[in-house]
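Below you'll find the structure, written out as structure tokens, and then a few comments.
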Amino acid sequence: MHRILWIVSAVALVVVMVGAVVVPDDPEEPPGDGCPPRDTRVTAPYAVTGYWVIPRADRCVTRSMVESIRGIGGDTLITFGPRFAVGSDPDCVIDGRPCAEVPGTRVRQVYSYTTSEEFGKGMLRCPGLDRRVVVGERIFYRLSLAASCTDPEHDLVIVSTDGDGIGHLMTEASAYGMTVFPGLPAAPQREGKPWEPDLDHIDALNAFTARVLADYRQRFQAMTAFGGVYQSFELAMRARSDTDPIIALYAAQHEVVAAALPGKKLVVSPYIDGRRGRGFPPEQTEEGLADIASTRAGLPMAVAVQDGRGTGKVPVHGEHETGAVVAPRLAPVVGQVTYEQGYYGSTREFMAAAARRVPDGVELWANVEGFEPTPVAGECGRVDPLPLRGRTTKARLDQQVMAVAPYSTKIISYGWEPFFTCRDRSGAPTLADGIAQGWQQPIIVNAYPKEMNGRPGVLVEGYNLRGGTLRFGDAAVAQEWHAGGRLESAWAPYTPSAPWTAITATNAAGHTSTSPYVMPGQS
């Protein structure tokens, strides 16, 4: 699912409401930068608190994007690392020659790297060989990867950029009290097997990664937003072989990160695939998590499991629905079958299996996919690159939160643009607008019978539960107890009698759950 480029239908501004003020750790930019003043208020805090974003060369566009995300409770921004690719960029010309040609220097291999950042002066180490040039509206860097400038043979990287998107993102995120994880350079892909890295180029990749991270350390170390880096090369979170090439890539590149940025966090987002015949059962996620954790090189790591609902690889149905026909938006992926026929398990089962034994030094996060497997007529979404993806709804996103929240310490989402910002038509609300308008709706993520003061009842856990009533089927019962925390808790006196009990909440502000939580009866 990870991609860098797509067509964006629109960029939304979140509805402004009265809320808490976030005091930035870093000083404001000097007046006169040409952008509107910052509004750091969190006006509609939602359960999803991080998003993948596209770095922008325009500082004002960056500010607007960061402000919109912060307004709905986002505190984490992640970018994809550009592909470190074999081959030169023909548009790069220095002194009338292609950048890959250096008079008097033997060039062994040339790589290209198209990014959204401007590097510092420290990247230019070898006089005459390392160069920064401007060609039209593009900036190029020619960098040698040799251990010494006097080496007889050099590997070169031709870097192209349209501006300092990463730098703007770091500056704005620091001012808004947020954290950024820029993507590591992504490994070259094997010809004919693009899902695997080409390890023949691992030494060059690691040398370039070290240069980029040294530049980050110099430019961003003092910025509060710089939290670490994101590993961009994808893998499935299942049992891996001892010679798995992606694990080998992770281990090698993460050693470079540990040396350059000690103490910074690594973020990885593996996918799960529960489709029968093509995927794997939930039991494999525990071993997959352990294999990924083994590459962290002593650094803290967050493993943000892709929940699979957006791609249709894993459903978010409840236990009571295993025999039901799959949701209409999943049928194009697995056919008109039941959940049990189409899948090994649900997102909740995969997350529960992963959470059984989280390795030391690792946080288990969840990446809820904020899109649909395919678009329907009149629906905005991603139109490039393929496959096409459609936009989803806030109610569907609530269901994903219900599936992952009991097992993850943080919920993030792929991806802000275009899925949270596009409009089906001019003036229509975006998904971000839907969150801003419905953020107070309760979300129940867990429920179980519990006695209090000798009285039978049901305790529910989730978000925005304070006050009001819990509805068990047709019976509405007033809450008698509430507690805060990462997940709130609420209790009401009730004795379930049915095999399954659908539970919704209506809080004191009058907002009601968009989807019921279905609790199994006690055997």
Side-chain angles (χ1 to χ4, degrees), residues 2-5 52 54-55 78-92 98-100 107-120 122-126 129-132 138-147 153-162 164-166 181-217 228-235 245-261 266-269 295 297 385:
H2 288 174
R3 298 290 189 273
I4 298 174
L5 300 176
W52 270 263
I54 305 172
I78 303 173
T79 72
F80 292 109
R83 184 73 56 195
F84 182 76
V86 179
S88 185
D89 188 322
D91 294 333
C92 183
C99 290
V107 176
R108 180 178 60 181
Q109 179 68 62
V110 181
Y111 300 93
S112 61
Y113 189 75
T114 302
T115 186
S116 297
E117 58 191 311
E118 290 191 51
F119 298 121
M123 287 289 274
L124 307 178
R125 302 184 306 177
C126 299
L129 185 56
D130 288 353
R131 296 280 297 274
R132 179 186 185 275
R138 297 171 70 191
I139 300 168
F140 291 93
Y141 298 84
R142 183 178 67 193
L143 306 172
S144 169
L145 297 180
E153 192 172 64
H154 293 258
D155 289 342
L156 300 180
V157 184
I158 310 301
V159 178
S160 169
T161 181
D162 61 352
D164 195 18
I166 294 292
F181 295 92
L184 289 171
Q189 298 159 299
R190 280 188 62 186
E191 188 174 352
K193 288 187 175 181
W195 57 89
E196 289 187 6
D198 188 343
L199 297 181
D200 289 344
H201 301 279
I202 191 69
D203 290 341
L205 173 69
N206 285 345
F208 182 66
T209 300
R211 291 278 290 279
V212 171
L213 297 185
D215 183 64
Y216 285 0
R217 185 176 62 241
V229 291
Y230 169 64
Q231 171 56 258
S232 297
F233 207 100
E234 272 199 347
L235 84 170
I246 306 179
I247 292 297
L249 164 69
Y250 278 25
Q253 201 172 26
H254 296 172
E255 286 283 356
V256 176
V257 179
L261 303 173
L266 283 164
V267 178
V268 182
S269 188
T295 71

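Just so you know, these numbers come straight off a predicted model, no measurement behind them. Sequence positions, counted from 1, serve as the residue numbers for this chain.
- Looking at every heavy atom in both residues, Val107 comes nearest to Ala100 through CG2-O, 3.7 Å.
- Between Val159 and Thr115, some side-chain heavy-atom pair lies under the 4.5 Å cut-off.
- Arg132 places a side-chain heavy atom less than 4.5 Å from the side chain of Glu118.
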Stepwise side-chain contact (heavy atoms from CB on, under 4.5 Å) check, Tyr230 with Val267: CA-CA 5 Å; Tyr230 169 64; Val267 178; 4.0 Å; yes
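- When ring centroids are compared, His201 and Tyr111 come within the 6.0 Å threshold.
- Look at Asp198 and Arg190 and you find no salt bridge, because none of the NZ, NE, NH1 or NH2 atoms lies under 4.0 Å from a carboxylate O.
- Salt-bridge check for Asp91 with Arg138: passed, with a basic side-chain N closer than 4.0 Å to an acidic carboxylate O.
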In sequence, state the C-alpha distance, the side-chain angles, and the governing distance for Glu255 and Tyr250, and then conclude on side-chain hydrogen bond (donor to acceptor under 3.5 Å, both in side chains). CA-CA 8 Å; Glu255 286 283 356; Tyr250 278 25; over 6 Å; no
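- Side-chain contact between Ser116 and Asp162 is present, with heavy atoms from C-beta onward closer than 4.5 Å.
- Ion pairing between a basic and an acidic side chain is recognised when a charged N comes within 4.0 Å of a carboxylate O; Arg142 and Asp89 show no such pairing.
- Across all non-hydrogen atoms, the minimal contact from Cys99 to Ile158 is CB-CD1, 3.7 Å.
- The minimum heavy-atom distance linking Pro188 with Arg83 is given by the pair CA-CD, 4.2 Å.
- In terms of heavy-atom proximity, Pro197 sits nearest to Phe233 at N-CZ, 3.3 Å.
- Atom CD of Glu153 has more than 12 neighbouring heavy atoms from other residues, nucleotides or ligands inside a 6.0 Å radius.
- Side chain of Ser88 to backbone of Pro90: no donor-acceptor contact under 3.5 angstrom is found.
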CA sep, side-chain torsions, deciding dist, call: Leu156, Leu129, side-chain contact (heavy atoms from CB on, under 4.5 Å): CA-CA 9 Å; Leu156 300 180; Leu129 185 56; 4.2 Å; yes
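- Distance CD1/Ile166 to CZ/Phe119: 9.5 Å, rounded to 0.5 Å.
- Once rounded to the nearest 0.5 Å, the distance linking OG1 of Thr161 with OH of Tyr141 reads 7.0 Å.
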Please evaluate residues Ser112 and Phe84 with respect to the criterion side-chain contact (heavy atoms from CB on, under 4.5 Å), reporting the C-alpha separation (whole Å), side-chain torsions for both, the decisive distance (0.1 Å), and the verdict. CA-CA 6 Å; Ser112 61; Phe84 182 76; over 6 Å; no
Decide yes or no on side-chain contact (heavy atoms from CB on, under 4.5 Å) for Leu184 and Leu213, but give the supporting numbers first. CA-CA 9 Å; Leu184 289 171; Leu213 297 185; 4.0 Å; yes
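- Within the 3.5 Å criterion, the main-chain N or O of Gly183 finds a donor-acceptor partner in the side chain of Thr79.
- Between Gln231 and His254 the shortest side-chain heavy-atom distance falls below 4.5 Å.
- Note: Leu249 CG to Thr295 OG1 = 9.0 Å, rounded to the nearest 0.5 Å.
- With Leu145 as reference, Asp155 is the one residue of Asp155, Asn206, Asp203, Leu205 to meet the side chain to side chain contact (heavy atoms under 4.5 Å, CB included) rule.
- The OG atom of Ser269 sits 10.0 Å away from the CG atom of Leu235 when rounded to the nearest 0.5 Å.
- Between Gln253 and Thr209, the closest heavy-atom pair is NE2-OG1, 3.1 Å.
- You'll find the side chain of Ser160 stays beyond 4.5 Å of the side chain of Tyr113, heavy atoms only.
- When every heavy atom of Arg211 is checked against every heavy atom of Leu143, the shortest pair comes out as NH2-CD2, 3.7 Å.
- With values rounded to the nearest 0.5 angstrom, Trp52 atom CH2 is found 9.5 Å from Ser232 atom OG.
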